[in-house]
Amino acid sequence: MYTARAYAAASPTAPLASATIPRRELAERDVQIEILFCGICHSDVHQVRNEWSSVMPTVYPIVPGHEIVGRVTKVGAAVTKLVPGDLAGVGCMVDSDRTCESCQEGLEQFCPNLTLTFNSPDKHLGGVTYGGYSERIVVDEHFVLRVPSNLELAGVAPLMCAGITTYSPMRHSGITKGKKVGVVGLGGLGHMGVKFARAFGAEVVVFTTSPGKRDDALRLGAHEVVLSRNADEMNKHTGSFDFILDTVSADHDINAYLNLLRRDGTLTIVGVPPKPLGVAAFALIARRRSISGSNIGGIAETQEMLDFCGKHDITADVEVIPIQKVNEAYGRLLKSNVKYRFSIDMASLERERA
Ligand code: NAP
Ligand code: ZN
């Protein structure tokens, strides 16, 4: 065991502050990564503030961060996937049981014994796992992704969660040319959803509550932008969508979007508002519509997504910040005031050296 510098929150109301955390010595299949950038996902904010307490209570201190990109510094004796010096990515998962039905199918994200990157029981060191707002991390090679060398790294970090969480449900729903796709909420997830839907050849419509995001939405790949608080703009699209991806992090009316689906259309929820969302039965039965949910993506699909991004030159649009600005960034994220993902430059942790 050795220590690493990190940023941690001590309670739901405490700001994140400099801390020292333990990291394990390498086991045979472990990879040690020096973290270069870590994205700020809205899930970090939900969990730091214990907003998902009924399902995933937060254990303090918490070190968030599951959009990790860095460089391999050491590998265990049995590691075959990476060598020191390679670029590497780590997302929301660091371990699973590898034996359940989901793991066997490459859907580790649904493993009942999944270990999340932060706030999950740590079977090596006890306590809970600590995430990417830190200088290093040690992860089993199975959960370490290869990163294409042609992409700008600050914008690669968010692919590890925002990227796969939007790529996976659209692949699962067979989004291709000829499909009409809606993306609700132009935040970290939403802006990646727009990029992927466009890259898959779909007709893309963004629903936003922020009039100031209209031009950006078009630049990111949307064919049309709808201000979701304008009923006339919404009504024009009634019954026309094959698929809508809902990335909203707070309470909102999903029936307004169900009504926009065509017969047999699907609304897939990836946003996780702390309170349940109300569903109007009529909005579903009227055209045999479906609601579904989706949780990140498996490791094989995450690698497929990264390779797709390398080939199509896709990264997140990021605002790079030093770790010392993380609390300010959380405040701005809650006001939807970021274009479109914060990416923490982890070299800034150096300033915290005692
Ligand atoms: P984000 O960057 O804050 O984006 C959320 C967007 O939702 C905002 O930019 C805003 O878009 C819209 N929004 C916010 N408050 C709203 C309100 N009261 N009413 C209507 N729209 C509102 O967050 P994110 O990082 O993309 O994450 C989004 C959600 O997905 C979070 O709940 C997060 O925990 C969850 N998540 C789920 C998974 C998964 O695997 N399922 C993975 C990662 C994250 P406009 O300004 O355009 O309206
Ligand atoms: Zn996330």
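Counting starts at 1 for both ligands and their atoms, following the listed order.
Relative to atom 48 (O) of ligand 1, the option among I164, N337, T209 with the closest non-hydrogen atom is T209. Between S228, P274, C161, S294, it is C161 that holds the heavy atom closest to atom 43 (C) of ligand 1. For atom 17 (C) of ligand 1, the nearest non-hydrogen atom from the set G188, C41, A250 belongs to A250. Looking at V270, I296, T247 and measuring to atom 36 (N) of ligand 1, the nearest heavy atom belongs to V270.
For the pair H42 and ligand 1, the shortest N or O to N or O distance falls below 3.5 Å. Here's the thing with R341: one of its N/O atoms is less than 3.5 angstrom from an N/O atom of ligand 1. On a distance-only criterion, P273 and ligand 1 share no N/O pair closer than 3.5 Å.
Counting atoms of ligand 1 from 1 in the listed order, those under 4.0 Å from a heavy atom of V248 are 7 (O), 13 (N), 16 (C), 20 (C), 21 (N), 22 (C). Counting atoms of ligand 1 from 1 in the listed order, those under 4.0 Å from a heavy atom of K213 are 9 (O), 11 (O), 45 (P), 46 (O), 47 (O). If you number the atoms of ligand 1 from 1 as listed, the ones under 4.0 Å from a heavy atom of S210 come out as 45 (P), 46 (O). Shown in contact with W52 at under 4.0 Å from a heavy atom are these atoms of ligand 1, numbered in order with element: 34 (O). Atoms of ligand 1 lying under 4.0 Å from any heavy atom of G185, numbered from 1 in the order shown and given with element: 11 (O), 47 (O). The ligand atoms of ligand 1 that sit less than 4.0 angstrom from a heavy atom of T208 are 45 (P), 46 (O), 47 (O), 48 (O). Numbered from 1 in the order shown, with element, the atoms of ligand 1 that lie under 4.0 Å from a heavy atom of L186 read 9 (O), 11 (O), 45 (P), 47 (O). In summary, the atoms of ligand 1 found under 4.0 Å from a heavy atom of N295, numbered by their order in the structure, are 40 (O).
No option in L87, L145, V69, L36 other than V69 meets the side-chain contact (heavy atoms from CB on, under 4.5 Å) test with V156. Among K339, R332, R341, K325, the one residue that satisfies the side chain to side chain donor-acceptor pair (under 3.5 Å) test with E319 is R332.
For H66, the N/O/S atom at the shortest distance from the Zn ion (ligand 2) is named NE2.
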>> Go through it in stages, so that I can follow the logic: the residues are F37 and E67, the test is side chain to side chain contact (heavy atoms under 4.5 Å, CB included), and I'd like the CA-CA distance, side-chain angles, deciding distance and then a yes or no.
In response: CA-CA 8 Å; F37 293 95; E67 294 188 334; over 6 Å; no

>> For a salt bridge (Lys or Arg N to Asp or Glu O under 4.0 Å) check, start with the C-alpha distance between E34 and R71, then their side-chain angles and the critical distance, and finish with the verdict.
In response: CA-CA 5 Å; E34 177 199 4; R71 207 168 274 288; over 6 Å; no

>> Run K275 and D251 through salt bridge (Lys or Arg N to Asp or Glu O under 4.0 Å) and show every step you take.
In response: CA-CA 7 Å; K275 289 194 187 132; D251 191 26; over 6 Å; no

>> Does R23 form a side-chain hydrogen bond (donor to acceptor under 3.5 Å, both in side chains) with S134? I'd like the steps, not just the answer.
In response: CA-CA 10 Å; R23 290 295 188 201; S134 60; 2.9 Å; yes

>> Determine whether L258 and L260 satisfy the following criterion, side chain to side chain contact (heavy atoms under 4.5 Å, CB included), listing intermediate values before the conclusion.
In response: CA-CA 5 Å; L258 288 173; L260 305 188; over 6 Å; no

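Looking at T165 against ligand 1, only its side chain comes within 4.0 Å, counting heavy atoms.
No hydrogens or angles considered: a donor-acceptor pair under 3.5 Å links the side chains of S240 and K180.
Ion pairing between a basic and an acidic side chain is recognised when a charged N comes within 4.0 Å of a carboxylate O; R146 and D86 show no such pairing.
Note on C41: counted as a metal contact of the Zn ion (ligand 2), an N/O/S atom lying under 2.8 Å. Taking 2.8 Å as the criterion, C161 counts as a coordinating residue of the Zn ion (ligand 2), since one of its N, O or S atoms falls below it.
Stacking of R171 on the aromatic ring of F200 is recorded, both the 6.0 Å distance cut-off and the 45° axial limit being met.
Atom CZ of R288 is surrounded by 12 or fewer heavy atoms from other residues, nucleotides or ligands within 6.0 Å.
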